[in-house]
Amino acid sequence: MPRLTSILRLWLATLLLALVGCASTSGANPLDPFEATNRKIDAFNERVDQAVLKPVAKSYQDYTPNLLQSTVKNFFGNLRDMWSVVNNGLQLKPKETVETGARVVVNSIIGLYGLIDVGTPFGLQRHTADFGQTLGYWGMPSGPYVVLPLLGPSTARDTAALLVDRHGDPWGQINPVDSRNLGTALRLVDKRAQFLGMDDRLNEVALDKYSFVRDAYLQKRRAEVRRGPPSDLDELDEKNNDIDNKSKPNTQ
Amino acid sequence: MLSMFKDSLGIDMFQQRTATFFPWFHRVITPGLLLAFAAFGLPAHAGPQAPDAFMQQLSNELMEVVRKDPAVKSADMQKLVNLVDIRVLPNVNFQRMTASAVGPAWRKATPEQQKRLQEEFKMLLVRSYAGALSQTKDSYTIVVKSFKGSAEDNEVVVRSEIRGGNEPIPLDYRLEKNPDAPGGWMIYNFNILGVWLVDNYRTQFSQEINAKGVDGLIATLAERNKSNSRK
């Protein structure tokens, strides 16, 4: 399985980089002990994005027909929904599992293999879930914040979960490899195109983009993990209440 | 007031049960019931409104403006900022938001510094909020789901969802009771997708304060606002 091993290698490399970084930072944020290394990878990602991914995504958005763009988005969205159904199930969330499941069935059959999103107008909304979230749901802490080369913000837990996510992704089973890679590239460009304009806004509102993105990512992941029965939410909100809070809010 | 709160609890339980078995029914019935509930809460001028009813009303009004006001579509930044000023800011406790984002340094800051911090932070946020408004789609609706606490509490959390895209986007607010506010409540923090705004600014501000002091932070914010308005 060349695919799996390459991801494993990437992951090990990241861990190694992270450990190297450990020696060189003061660790201002307890959830970001590898900040110095993370910042370097982040800067690298930014350069790659500005040089390649962003311009390609911009051309994709400007010069391909809207119909094609929405078809691509729907198709890959449907694949992702399949994996979300599994993870919602693993998190014992009946409403999310049933609704996203019904969405996959409707979109795959009536929507021609997911090319058309029939579910949304029917009121079937997607509830995205991944394996990192499932691990978190069952109590696994997120571990330190990690910026992955090319893939961006993650945590130790979510990086490990990526292995399973990639395996549970139906697109990974596509053969031959050429078509699969082409599709993966298209998927990436589609994803980036959806976030065009967002980085401009980020540059406006953030004083330090790196820590702004980091804090937002960690907050968002924490919310995704704990989103469930309302009683859980209440308990954690109490802890996170910010009135005259002198300590850092980022405690897991 | 108490019976109203019980009503809302009843709706919640009802929703949860029906939603599990029949999601479409839930989509139709939820906005209907909430609208009915919001309407029920409207004549409550004698006392403060229930916080969820207040937020539903404010959200509906704002979405109405987004759909109808040509200023929103034109993406004219000055008009958008005015709109936010008139429609949104009277319901926001900006001093508390700023104090909380600045953290312990707030108390040591002079009144003049506090005033400047508040002004610059406000400008930074209003501009980006106005930009986000102009990108809002007409098909979006905001549905208030529930609130944490009771109507007697001085501080509550109201949960809502932006619907109309293919995935519901969670949007929560922290409100404090304020008899002087137009709706009886003031927003002092909010989150989108689980990211609380004030919390996310704490690191931003403390980094700057640690490096350059409160005046340094004010200067950085002012500079940023200047460069943003040139775009």
K.L.:
Tell me, do L207(A) and L217(B) make a side-chain contact under 4.5 Å, heavy atoms counted?
P.N.:
yes
K.L.:
Please classify the contact between T128(A) and chain B as side chain, backbone, both or neither, with a heavy-atom cut-off of under 4.5 Å.
P.N.:
both
K.L.:
Drop me the distance from K220(A)'s NZ to L193(B)'s CG, to the nearest 0.5 angstrom.
P.N.:
6.5 Å
K.L.:
Specify the closest pair of heavy atoms between G164(B) and Q125(A), including all atoms of both residues, with the distance to one decimal.
P.N.:
N-NE2, 4.0 Å
K.L.:
For R201(A), is it the side chain, the backbone, both, or neither that has a heavy atom closer than 4.5 Å to a heavy atom of chain B?
P.N.:
side chain
K.L.:
Looking at R222(A) and V195(B), would you say the former's side chain and the latter's main chain have a donor-acceptor pair under 3.5 Å?
P.N.:
no
K.L.:
Is the count of non-hydrogen atoms from other residues, nucleotides or ligands lying under 6.0 Å from Q50(A) atom CD greater than 12?
P.N.:
yes
K.L.:
Does any heavy atom of chain B fall under 4.5 Å from the side chain of R221(A), the backbone, both, or neither of them?
P.N.:
neither
K.L.:
Determine the minimum heavy-atom distance between D208(A) and Q204(B), stating which atoms define it.
P.N.:
N-OE1, 2.8 Å
K.L.:
For the residue pair R126(A) and E167(B), what are the closest heavy atoms and their distance?
P.N.:
O-CG, 3.4 Å
K.L.:
Can you establish whether the number of heavy atoms outside K209(A) located under 6.0 Å from its atom NZ is more than 12?
P.N.:
yes
K.L.:
Do V205(A) and Y201(B) have side chains that get closer than 4.5 Å, going by heavy atoms?
P.N.:
yes
K.L.:
Counting only non-hydrogen atoms closer than 4.5 Å, can you tell me which residues of residues 110-121 of chain A sit against chain B?
P.N.:
D117(A), T120(A)
K.L.:
Q219(A) versus N191(B): any side-chain heavy-atom pair under 4.5 Å?
P.N.:
no
K.L.:
G194(B) and A223(A): which non-hydrogen atoms are nearest, and at how many Å?
P.N.:
CA-CB, 3.5 Å
K.L.:
R214(A) and T203(B): which non-hydrogen atoms are nearest, and at how many Å?
P.N.:
NH2-CG2, 3.6 Å
K.L.:
Spell out, as yes or no, whether a donor-acceptor pair under 3.5 Å connects the side chain of R163(B) to the backbone of G123(A).
P.N.:
no
